[in-house]
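Just so we're clear, the structure is a prediction, and the values are computed from it rather than from any experiment. Atom set for the values below is all heavy atoms of this structure, side chains included, hydrogens, waters and symmetry mates excluded.
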Amino acid sequence: MRRLLLLPLLVLAGAAAGGGVVPVAARSAFACAAGGPAATLPFCRRSLPARARARDLVARLTRAEKVRLLVNNAAGVPRLGVAGYEWWSEALHGVSDTGPGVRFGGAFPGATAFPQVIGTAASFNATLWELIGQAVSDEGRAMYNGGQAGLTFWSPNVNIFRDPRWGRGQETPGEDPAVAARYAAAYVRGLQQQQPSSGRLKLAACCKHFTAYDLDNWSGTDRFHFNAVVTRQDLEDTFNVPFRSCVVDGRAASVMCSYNQVNGVPTCADAAFLRGTIRRRWGLAGYIVSDCDSVDVFYSDQHYTRTREDAVAATLRAGLDLDCGPFLAQYTESAVVQGKVGDGDIDAAVTNTVTVQMRLGMFDGDPAAQPFGHLGPQHVCTAAHQELAVEAARQGIVLLKNDGRALPLSPATARRAVAVVGPHAEATVAMIGNYAGKPCRYTTPLQGVARYAARAAHQPGCTDVACAGGAQPIAAAVDAARRADATIVVAGLDQKIEAEGLDRASLLLPGRQAELISSVAKASKGPVILVLMSGGPIDIGFAQGDPKIAGILWAGYPGQAGGQAIAD
């Protein structure tokens with residue numbers, strides 16, 4: 001049934017994307033503008049293959065100009081009419097301003113914030129994953145046309161969530177290689193909407209972080225110093241499976257190498273990985289980018305090379321094309337002078353990145369005259385996209401307990417007095433997790449329940465998600481539950497508990513949250529439903545075994561419409 005619900009949304013999304021043609025004048029031509037200095041040169045001829053055009057451009061550049069194209073904030077080449085470009089934009093589960101390539105404001109105050117990936121993956125619905133990618137693609141391209149985003153989005157994160165303490169597990173499709181692989185290909189297809197005949201892209205996706213990366217900062221070890229010791233079989237059977245699917249099945253335009261080493265070699269300096277596996281075996285037709293400052297990390301923190309120029313040589317010869325960070329712009333020319341790399345190494349890298357820009361139409365002149373040039377502010381936060389966000393949140397919610405068929409709550413109960421308690425009862429920002437943008441709007445759990453209940457009483461029970469210390473308002477939440485006909489406790493984690501750079505030391509609920517839940521359950525006269533928001537797993541054995549807690553739902557980080565989905 002749930003798959004069928006998506007069909008009208010697909011029609012609506014298509015109608016939105018192909019609706020009123022409203023050119024956006026804010027974005028001028030990136031290159032090859034009519035009447036510009038290069039308009040008649042071969043790299044501006046759309047009839048030529050993208051790679052041939054890229055080679056023609058690269059052949060016209062000086063070494064200094066090419067070196068400035070090896071980094072994410074690539075410089076322009078004014079004498080050829082080529083503008084500067086910021087490669088780093090993010091779209092993990094909606095257009096995000098985490099990277100410098102996206103800027104909200106003006107005609108684009110926000111974008112649809114879909115559920116965090118770990119929740120969407122729990123739907124096991126590849127059709128849904130691709131539809132979300134398509135919606136994000138519409139919004140990303142619209143923002144590019146309006147001058148407020150790039151076209152290269154460094155998403156999705158398809159690392160295997162092997163260690164449940166990892167703070168970034170929320171960004172991934174989970175611990176199962178087969179599910180992660182299906183997710184990777186579906187989301188990439190949705191984002192890129194590649195034309196089979198020409199290879200033209202709507203956006204360029206990037207699958208990250210290759211490979212064996214699921215530790216950020218735990219017990220004195222951080223990702224900048226971590227060496228993952230992995231067998232060849234575990235790489236083939238587990239960690240590399242989603243990346244292969246990204247490239248082979250999704251035809252992703254990019255792969256990002258990670259900070260960590262694998263078996264003693266930094267992934268961004270591993271030729272067997274970058275040239276051997278990703279480009280030769282899997283056939284990547286795109287570019288390989290470093291995680292931000294990874295090249296500097298393996299020189300400065302891991303001391304993998306003796307000099308900075310040796311680091312340049314190690315990464316370029318391994319197959320890296322683009323450095324997120326300034327390292328290659330600073331030290332590549334001196335590496336050439338010292339004979340550690342040649343101009344051919346630079347040419348190969350720049351050709352790979354520029355070819356992707358060609359496929360995106362960035363060298364085709366006026367963006368408004370191109371196939372996606374009609375997309376503008378009216379295609380962001382559309383009703384269809386916002387309804388898709390609700391449906392995605394609904395499908396991702398997992399039922400963990402339902403004693404006596406307490407759920408769904410009977411109309412007689414739901415339409416009376418319902419207490420909504422817990423530190424996430426009025427969640428907003430917490431619902432969108434990390435690598436999120438500015439949502440179109442929020443519906444909190446309290447607001448969602450209030451649409452059904454005759455009276456929704458609210459008490460937080462904790463001053464925040466940490467719920468630490470003796471001054472927690474647990475008693476007020478207990479009193480609200482005692483007076484209500486049903487109680488919904490919304491608890492869990494947030495980005496102060498699990499996040500990039502922050503792994504967990506415990507799988508228990510933070511602070512006194514468990515005490516709050518048990519106390520509320522003991523006092524309640526009606527059914528008690530526990531709703532958990534988190535990216536990583538939580539030990540809730542105490543609630544599973546409590547006969548007073550009739551139902552338990554895991555909602556992940558359910559996005560901008562999470563409160564509505566939970567209430568539904």
Side-chain angles (χ1 to χ4, degrees), residues 88 90 92-93 96 98-99 116-119 121 154-175 177 180 184 206-230 234-235 238-240 242-243 255-270 273 289-304 324-325 429-430 432-436 465-466 492-508 510 533-539 556-557:
W88 181 7
E90 298 279 357
L92 182 68
H93 52 112
S96 166
T98 303
Q116 182 60 288
V117 175
I118 192 71
W154 292 351
S155 306
N157 179 341
V158 295
N159 288 118
I160 296 296
F161 189 4
R162 174 166 278 188
D163 192 318
R165 299 164 294 189
W166 188 31
R168 298 188 74 178
Q170 60 184 290
E171 302 172 31
T172 77
E175 74 278 14
C206 174
C207 294
K208 61 187 186 183
H209 314 77
F210 188 86
T211 185
Y213 165 46
D214 68 347
L215 179 145
D216 262 60
N217 193 349
W218 191 86
S219 191
T221 300
D222 64 38
R223 59 186 174 173
F224 307 121
H225 300 88
F226 181 59
N227 176 31
V229 178
V230 188
D234 213 7
L235 284 171
T238 306
F239 294 108
N240 289 357
F243 291 97
V255 173
M256 176 183 287
C257 50
S258 55
Y259 291 112
N260 57 285
Q261 297 185 353
V262 174
N263 300 326
V265 182
T267 63
C268 292
D270 194 324
F273 276 164
V289 61
S290 74
D291 203 344
C292 293
D293 295 316
S294 285
V295 181
D296 186 46
V297 164
F298 77 66
Y299 166 72
S300 300
D301 296 288
Q302 298 173 7
H303 308 295
Y304 183 71
C324 179
V429 174
I432 59 176
N434 69 349
Y435 279 79
V465 170
L493 313 178
D494 66 6
Q495 301 307 302
K496 293 181 180 178
I497 307 295
E498 56 173 357
E500 183 171 9
L502 180 62
D503 298 333
R504 288 188 289 159
S506 170
L507 299 184
L508 301 176
M533 286 191 200
S534 72
I538 304 169
D539 181 350
Y557 292 121

With a 4.5 Å heavy-atom cut-off, do [X] and [Y] have their side chains touching?
| X | Y | answer |
| --- | --- | --- |
| Trp154 | Cys324 | yes |
| Asn263 | Val229 | yes |
| Tyr259 | Cys268 | no |
| Asn434 | Gln116 | yes |

Considering residues at least two apart in sequence or located in another chain, which fulfil the side chain to side chain donor-acceptor pair (under 3.5 Å) criterion with Asn260?
Ser258
Heavy-atom pair with the smallest gap, counting every atom of [X] and [Y]:
| X | Y | result |
| --- | --- | --- |
| Gly535 | Ile118 | O-CG1, 3.7 Å |
| Ala121 | Pro173 | CB-O, 3.5 Å |
| Ser294 | Cys257 | OG-O, 4.4 Å |

Once ring-ring contact (aromatic ring centres under 6.0 Å, His included) is applied, do any residues pair with Tyr213, and if so which ones, sequence neighbours excluded?
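Applying ring-ring contact (aromatic ring centres under 6.0 Å, His included) to Tyr213 gives Trp166, His209.
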Under the ring-ring contact (aromatic ring centres under 6.0 Å, His included) rule, collect the residues that match up with Phe273, sequence neighbours excluded.
Phe210
Qualifying residue, where the test is side chain to side chain contact (heavy atoms under 4.5 Å, CB included) with Phe239 and the options are Thr211, Val262, Asn159
Thr211
Will you find, in the side chains of Glu498 and Gln170, an N or O donor that is under 3.5 Å from an N or O acceptor?
no
Could I get the full list of disulfide bond (SG atoms under 2.5 Å apart) partners for Cys206, not counting sequence neighbours?
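Checked Cys206 against disulfide bond (SG atoms under 2.5 Å apart); zero matches.
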Show every salt bridge (charged side-chain N to carboxylate O under 4.0 Å, His left out) that has at least one partner inside residues 213-222, sequence neighbours left out.
Asp216-Arg223
Salt bridge (charged side-chain N to carboxylate O under 4.0 Å, His left out) contacts touching residues 154-164 (sequence neighbours left out)
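Qualifying pairs, neighbours excluded: Arg162-Asp234, Asp163-Arg165.
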Around atom CD of Glu500, are there more than 12 heavy atoms of other residues, nucleotides or ligands at under 6.0 Å?
yes
